[in-house]
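First the structure, in the form of C-alpha cells, and then the observations on it.
When a ligand or atom number is given, it counts from 1 through the structure's own listing order. Keep in mind that what you see is a predicted model, and the values were worked out from it rather than measured. Because only heavy atoms are used, hydrogens play no part in the values below, and waters and symmetry mates are left out as well, while side chains stay in.
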Amino acid sequence: MAIATINPTTGETVKTFEELTAAQIESKLQLAAGTFETYRRTPSADRARAMTRAAEILDAEKQQFGKLMTLEMGKPLQAAVSEAEKCAWVCRYYAENAERHLADQIVETNAKASYVKFQPLGPVLAVMPWNFPFWQVFRFAAPALMAGNVGLLKHASNVPQCALAIEEIFRRAGFPEGAFQTLLIGSDKVESILKDRRVVAATLTGSEPAGASVASIAGKQIKKAVLELGGSDPFIVMPSANLADAITTGVKARTINNGQSCIAAKRFIVAAAIYDQFERGFVDQMKSLVVGDPFEQNTDIGPLATPQIVKDLDEQVQKAVASGARVLTGGKRIDRPGNFYEPTVLVDVDPSTPVSCEEIFGPVAMLFRVNSIDEAIHLANATTFGLGSAAWTNDAGEQQQFIDELEAGSVFINGMVASDPRLPFGGVKHSGYGRELAEFGIREFVNIKTIWIGQSKAAADDTE
Ligand code: NAP
C-alpha cells in the first residue's frame with residue numbers, strides 16, 4: 001500500500017510520501033536506543049511537564065489537527081476535533097497519574113524490606129490503524145513515554161500526515177529527540193524492525209490478520225506484545241429499558257466514526273416484547289442521518305476511509321442478503337465520487353452464517369429478535385470476538401447477569417461502549433490481549449521488578 005494522503009471524500013491523491021530507506025530506519029533505531037539510555041533516567045516530573053505541554057499543544061491546535069484527520073480518513077470534522085481534545089485528556093491523565101501508578105509497592109514478607117518496582121523496557125514499536133488516527137497513538141504513547149519507554153510508530157499508510165504531526169507534537173512538547181519517532185514504512189518492514197534486538201516490545205491495534213502476524217513474530221523473538229483487534233460488539237435491549245434512549249444511543253453507537261470503530265455496536269439483540277417498536281425507531285433514525293462532506297457541519301456520516309473498505313462492506317451486505325437477510329434501509333454504495341455507503345439496517349440475518357458475527361466496518365446494523373435473556377447472552381457470545389458489549393435494562397437482576405456472563409473486555413449497562421483514560425480498555429478472545437489506559441495500560445511495558453533485601457546480619461535461616 002502506497003504511503004499517501006488520498007482524500008476519501010473526493011478520491012483525489014493529495015500528497016504522497018517516500019518510504020524510509022534501510023539506512024534511515026537504521027539511524028532511527030539507533031537514535032531510539034541511544035535516547036532510551038538517558039530518557040529512562042529522567043525524573044517523572046520532567047516527563048510530566050513535557051506531557052502536559054503536549055496536551056496544551058493538542059488543545060490549542062485541535063482545529064488544525066482535526067482537519068488533518070478529516071482530510072486523511074473522512075470522519076466528521078467535529079468528531080475529529082473532539083478526538084484531539086481526548087488526546088489532550090489522556091496526556092494530562094498520565095502526566096498527573098503516572099507517578100502514582102508506577103510508585104514502588106511495598107509487600108510485607110520475611111525480608112528486611114521487599115517491594116515491587118516498575119521500570120521501563122526500552123523502544124516499543126506501535127503499529128497503528130487509521131480509524132482514530134490520533135487517539136490510538138496517544139493512548140499508547142502517553143503511558144509508554146511517561147513510564148520511561150521510547151516509542152516508534154508505524155502508522156497506517158493512509159494517514160502519514162497525522163503520523164508526522166504526532167511526532168512533531170512530542171518534539172515541540174520538549175521530549176528529547178528520539179523519544180517518539182514516526183517511521184514512514186509499509187507493513188512489510190514491520191518484521192525486520194520487530195526482530196531488531198533494540199526493539200523490545202510491540203503493540204498493534206488493527207485487524208486480526210495483522211495482529212496474528214505481529215504477535216507471532218514477537219512470540220518467536222520472546223518479546224512482549226499487546227493486541228487491540230477487532231470486535232463484533234452486541235448491543236442488547238431488554239423490555240425494561242428506556243427505549244427512546246436505547247434507540248438514539250444505538251444509532252450513535254453503530255454510526256460513530258462513519259461506522260468504523262472497533263467498539264461500534266454491530267449486532268442489536270432486542271427482546272421480542274419491544275422488538276417492533278425498536279426496529280421502527282431505529283430504522284427511522286438511520287434514514288434521517290445526513291451522509292456527505294465530513295467538513296460540513298451538519299454531516300453525520302462521511303465517507304469510508306478507502307475504496308477497499310466500501311468494497312468489503314458491500315460484499316458483506318450482499319452475502320447476508322444472499323443467505324436470506326432483508327434490507328430495511330440502505331444496502332448499497334452511494335453513486336457519487338468518494339467512498340460513500342448508505343446507512344443500512346439488515347434483519348433476518350441467519351445467526352449461523354459467518355457474516356452474522358464477523359466485524360462489519362461501516363454504517364451497517366444487524367437487528368436480531370430474541371425471546372429471553374439467556375438467548376440474548378447466547379447470541380451475544382456467539383462470535384470469536386470479545387471486545388465491548390452494551391446491555392440496556394433497568395432490572396437489577398438482568399444487569400448482574402449481563403455483567404457476569406457477557407464474554408467481553410467491557411460491559412456497559414444503559415450506555416454505549418467508549419474508552420476513557422481512567423478505565424482499562426481491551427478485549428478477550430480474538431479481540432486481543434493486554435490492556436490500554438488506566439494503571440493497567442501503563443504497566444504493560446514495564447519490568448515488574450521484585451526487590452528483596454535481607455537482614456544484614458548473617459542469617460541462620462537458609463531456606464529459599
Ligand atoms: P489493519 O489493516 O490491520 O492495519 C492496522 C495497522 O497494521 C496498519 O498500520 C497496517 O499498515 C498494519 N499492518 C497491516 N497488516 C500488517 C501485517 N501483516 N504486519 C504488520 N503490520 C500490518 O487494520 P485497519 O483496517 O487499518 O484498521 C481496522 C481494524 O482495526 C479493525 O479490525 C478494527 O476493529 C481494529 N481496531 C481495533 C481497535 C481496538 O482497540 N481493539 C481500535 C481501532 C481499530 P498498512 O496501513 O501499511 O497496511
Worksheet item: Does ligand 1 have any atom that is closer than 4.0 Å to a heavy atom of R139?
Response: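 Checking ligand 1 against R139, which is what was asked, there is a heavy-atom contact under 4.0 Å.
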
Fill in: Any F132 heavy atom less than 4.0 Å from ligand 1
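It does not, in that no heavy atom of F132 comes within the 4.0 Å cut-off of ligand 1.
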
Worksheet item: Is NZ or CZ of R443 both nearer than 6.0 Å to the six-membered ring centre of F118 and within 45° of the ring axis?
Response: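 Yes, R443 sits over the ring of F118.
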
Discussion item. Please report whether the ring centroid of F180 lies less than 6.0 Å from that of F175.
Written reply: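 No, they do not, as the ring centres are separated by 6.0 Å or more.
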
Test of proximity, [X] against ligand 1: N or O pairs below 3.5 Å:
X: N158; value: no
X: M128; value: yes
X: S157; value: yes
X: W130; value: yes

Item to complete: Look at atom 15 (N) of ligand 1 and find which of A215, G206, A210 reaches it with the closest heavy atom.
Response: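 When every heavy atom of A215, G206, A210 is considered, A210 comes closest to atom 15 (N) of ligand 1.
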
Worksheet item: atom 3 (O) of ligand 1: which of A156, A126, S207, S431 has the nearest heavy atom?
Response: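 It is S207 that holds the nearest heavy atom.
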
Report the part of [X] in contact with ligand 1, treating N, CA, C, O as backbone and CB onward as side chain, heavy atoms under 4.0 Å; options are side chain, backbone, both, neither.
X: T205; answer: both
X: S213; answer: side chain
X: Q136; answer: side chain
X: E19; answer: neither
X: I3; answer: neither

When rounded to the nearest 0.5 angstrom, what is the spacing between [atom1] in [X] and [atom2] in [Y]?
X: Q316; Y: I360; atom1: CD; atom2: CD1; result: 5.0 Å
X: E436; Y: T205; atom1: CD; atom2: OG1; result: 5.0 Å
X: Q24; Y: E19; atom1: CD; atom2: CD; result: 10.5 Å

How far is [atom] from the closest protein heavy atom, and which atom is that?
atom: atom 36 (N) of ligand 1; value: C262 CB, 3.6 Å
atom: atom 12 (C) of ligand 1; value: V127 CG1, 3.6 Å
atom: atom 48 (O) of ligand 1; value: S187 OG, 4.1 Å
atom: atom 28 (C) of ligand 1; value: F361 CE2, 3.6 Å
atom: atom 31 (C) of ligand 1; value: E359 OE1, 3.3 Å
atom: atom 41 (N) of ligand 1; value: L229 O, 2.7 Å
atom: atom 44 (C) of ligand 1; value: N131 ND2, 3.2 Å

Discussion item. A quick test of your reading: do over 12 heavy atoms of other residues, nucleotides or ligands sit less than 6.0 Å from NZ of K429?
Written reply: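 Yes, enclosed.
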
Practice prompt. Would you confirm whether any non-hydrogen atom of the protein falls under 4.0 Å from atom 9 (O) of ligand 1?
Written response: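 True for atom 9 (O) of ligand 1.
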
